[in-house]
Amino acid sequence: DESIGLVDNKVTGISAYQNEVWITTEEGVSRIYYHTNKLSKIDRIENYSSNDKLIDNEVYAVVNDNDGNFYLSSMNGVVFYNREKDRFKKLNSSEYGLSVFNITIEIDEDKNIWLGSLTNGLVKFKMDENDSPSDVSKFNTQNDFFSDEIWKVYSDTKGRVWVGSNDNGLAKYENGSFSYFGIDEGLTNERPGSITEDINGDIWLGTIGGGVFKYDGKMFKNYTSNDGIQADNPYFVAADDIGNIWIGSNKGVDRLNIDSEEIDFFGKAQGFKGVETNQNAFFKDKNGTMWFGTIGGVMQCYPEKIKPSKAPPLIFIDGVRIYLKQTKLDKGASLGYDENHITFDFTGIHYGSPNDIAFSFKLEGFDDEWSPISRENAATYSNLPPGEYTFLVKARNRSGVWSEPIDFPIIITPPFWQAWWFRILFVIVFIGSVFIIFRLRTRKLRKQRELLKAKVNQRTKELRTEKDKVE
């Protein structure tokens, strides 16, 4: 950081050649000389600004070729450093026909220079013997290129050049032509702001708002905060030499193992003092050391020395609340039908990373799947219908190691009018009522028939008497 002589703490780019590390910042460039190629002990630092070597103080990116020539991209052009001549040359955009707002720069295997702009699309050129751009090609929407807003250009080990845009997905340049990837190809977020290649040759993207994507040449796989990474807006993705992807965010860095998919987080509590990283501010040197640019300077990381924690967290269910009121319950307790707003409180403990515990839970009998991963240590269920339930919760440490689930079974009893005995009693009462009503009705009808018969007999008798008198 500035305390050792950096021109500024807000690091935007990093590149190294032999015993030199070039750091670009918002206030200029620092050229750090180390005693050896191991880049462990600093010899001296030279700082450059627009007062001498640079076009602009704010330099967005830096890259070097195999001969130690460096390219520094900024708002108004590119600065080229020729190592053999030990000379800086300013390549102003207006003079050499380059783009402005040059946020990214890359060199492919054919020594083409690719310059990406957030406003002018993409420019490809070579350097001639006079240290000037030649064979300049421009790619933008005016000539049917897929985007004018370019975040990242990346050249992979197969000679392909990948281009991440701010608005229209991903492009791949191969054998002289472009192909494109977007939603139809499975890239569900079309704002890839960072690109890297892992040791297996798979391409990884850090997108703006959509998390991280892995592309294996056939399909895209997405990793988001639901899977354990710290942010869905990663500032960079960077592959190391031992099978990890490092994901920078405003909280620190995640380490995602490409085989196990276990994720470790490193923030301030874990020794990552820079805390917030910067867009595409990373570099892997020839020693395998990872360099991360932050708002507080540069962090060096030695991946082979950082071991994942294999011990799972301890987990406890602290208590159960009914309608948010603490209630002492034993496992298997029965609750009334109107005690169906339940909160389970739980705690995870891991001594190596006590602040990095994440949880997932499930209520068997109600949930079909486990909940998304979260740092919340309570789960609330409301309006649960009567039934038998088992609450399950498990905890994960920052290395992605899960504990075994612990359980807490409960029973919510139905109201008396839903109980089996009440239903049977109701059926008995109903049948009995129908039978009684039927008997009463039958008795009434019988009496009515008997009364009618008596009246008929009486009338018949009276008619006979009248008849006898007449005769």
Side-chain angles (χ1 to χ4, degrees), residues 13 15 24 54-56 59-82 88-182 185 187 190-197 203 205 215 279-280:
S15 188
T24 62
L54 307 180
I55 298 174
D56 306 287
V59 180
Y60 300 128
V62 56
V63 68
N64 77 86
D65 59 25
N66 292 328
D67 298 319
N69 303 310
F70 280 78
Y71 299 80
L72 307 164
S73 67
S74 63
M75 174 62 73
N76 294 299
V78 175
V79 173
F80 173 63
Y81 172 73
N82 186 310
F88 288 83
K89 184 172 182 178
K90 300 178 181 180
L91 308 176
N92 289 282
S93 298
S94 57
E95 182 179 353
Y96 292 95
L98 305 179
S99 53
V100 297
F101 208 161
N102 301 299
I103 200 76
T104 179
I105 191 166
E106 179 66 299
I107 305 173
D108 67 21
E109 64 176 12
D110 296 323
K111 295 188 176 181
N112 292 303
I113 314 302
W114 295 82
L115 192 60
S117 165
L118 270 178
T119 57
N120 297 148
L122 193 64
V123 175
K124 177 170 74 76
F125 61 92
K126 287 183 178 292
M127 295 298 290
D128 65 18
E129 59 186 11
N130 297 316
D131 293 344
S132 297
S134 64
D135 301 327
V136 178
S137 299
K138 296 183 177 181
F139 306 93
N140 51 53
T141 55
Q142 293 181 358
N143 55 28
D144 297 327
F145 193 53
F146 81 131
S147 177
D148 286 332
E149 302 175 26
I150 306 304
W151 268 116
K152 179 64 178 176
V153 184
Y154 180 81
S155 178
D156 69 15
T157 58
K158 299 180 178 67
R160 303 170 299 185
V161 175
W162 299 85
V163 183
S165 76
N166 188 49
D167 60 351
N168 203 25
L170 178 72
K172 180 182 68 174
Y173 184 80
E174 187 175 21
N175 299 323
S177 63
F178 285 98
S179 56
Y180 303 99
F181 304 84
E185 291 73 32
L187 181 60
E190 295 187 307
R191 304 181 69 193
S194 185
I195 307 171
T196 194
E197 179 185 17
I203 298 299
L205 311 174
Y215 180 63
Q279 187 73 32
N280 287 318

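Just so it is clear, the values below take in all heavy atoms, side chains as well, and ignore hydrogens, waters and symmetry mates.
- For the pair K152 (side chain) and W162 (backbone), a donor-acceptor distance under 3.5 Å is absent.
- Partner D148 forms a side-chain contact (heavy atoms from CB on, under 4.5 Å) with one of L122, N168, D167, N140 and no other, that one being N140.
- F101 contributes atom CZ, which lies 11.0 Å from atom OG of S73 (distance to the nearest 0.5 angstrom).
- N92 places no side-chain N or O within 3.5 Å of a backbone atom of S94 that could act as its donor or acceptor partner.
- With contacts defined as side-chain heavy-atom distances shorter than 4.5 Å, the pair T104/N280 does not qualify.
- T119 OG1 to N166 CG: the interatomic distance, rounded to the nearest 0.5 Å, is 11.5 Å.
- To the nearest 0.5 Å, atom CD of residue Q279 and atom CH2 of residue W151 are 5.0 Å apart.
- Using modelled atom types, one side-chain atom of S93 and one backbone atom of G77 make a donor-acceptor pair closer than 3.5 Å.
- How far CZ of F178 is from OH of Y173: 6.5 Å, rounded to the nearest 0.5 Å.
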For this session: Please report the C-alpha distance between L205 and L187 in whole Å, then the side-chain angles of each, then the deciding distance to 0.1 Å, and finally whether the side-chain contact (heavy atoms from CB on, under 4.5 Å) criterion is met.
Result: CA-CA 10 Å; L205 311 174; L187 181 60; 3.8 Å; yes
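- For F181 and Y215, the ring centers sit closer than 6.0 Å to each other.
- In this structure, the side chains of V161 and N112 stay at 4.5 Å or more apart for every pair of heavy atoms.
- In this structure, the side chains of S132 and K89 come closer than 4.5 Å at one or more pairs of heavy atoms.
- Heavy atoms only, all atoms of each residue included: L115 and S99 are closest at CD2-OG, 3.7 Å.
- The two residues V123 and K138 come nearest to each other via the heavy atoms CG2-CG, 4.2 Å.
- Between the CD1 atom in I55 and the CG atom in L91 there is a gap of 6.5 Å [rounded to 0.5 Å].
- Ring planes of F139 and W114: parallel class, angle under 30° (limits at 30 and 60°).
- Using cut-offs of 30° and 60° for the angle between ring planes, the F145 and Y180 rings count as perpendicular.
- Dense packing is recorded around CG of D67, with more than 12 heavy atoms of other residues, nucleotides or ligands lying under 6.0 Å away.
- Heavy atoms from other residues, nucleotides or ligands lying under 6.0 Å from NZ of K111 number 12 at most.
- Across all non-hydrogen atoms, the minimal contact from S117 to N102 is CB-OD1, 4.1 Å.
- Distance alone, capped at 3.5 Å, is enough to place a donor-acceptor pair between the E106 side chain and the S155 backbone.
- Between the side chains of S134 and D128, no donor-acceptor pair is found at a separation under 3.5 Å.
- To the nearest 0.5 Å, atom OH of residue Y71 and atom CE of residue M127 are 5.0 Å apart.
- Scanning all heavy atoms of the two residues, the minimum distance from I107 to I113 falls at CG1-CD1, 3.8 Å.
- In terms of heavy-atom proximity, P133 sits nearest to F125 at CB-CD1, 3.7 Å.
- The minimum heavy-atom distance between Y96 and K90, with the atom names listed, is CE1-O, 3.9 Å.
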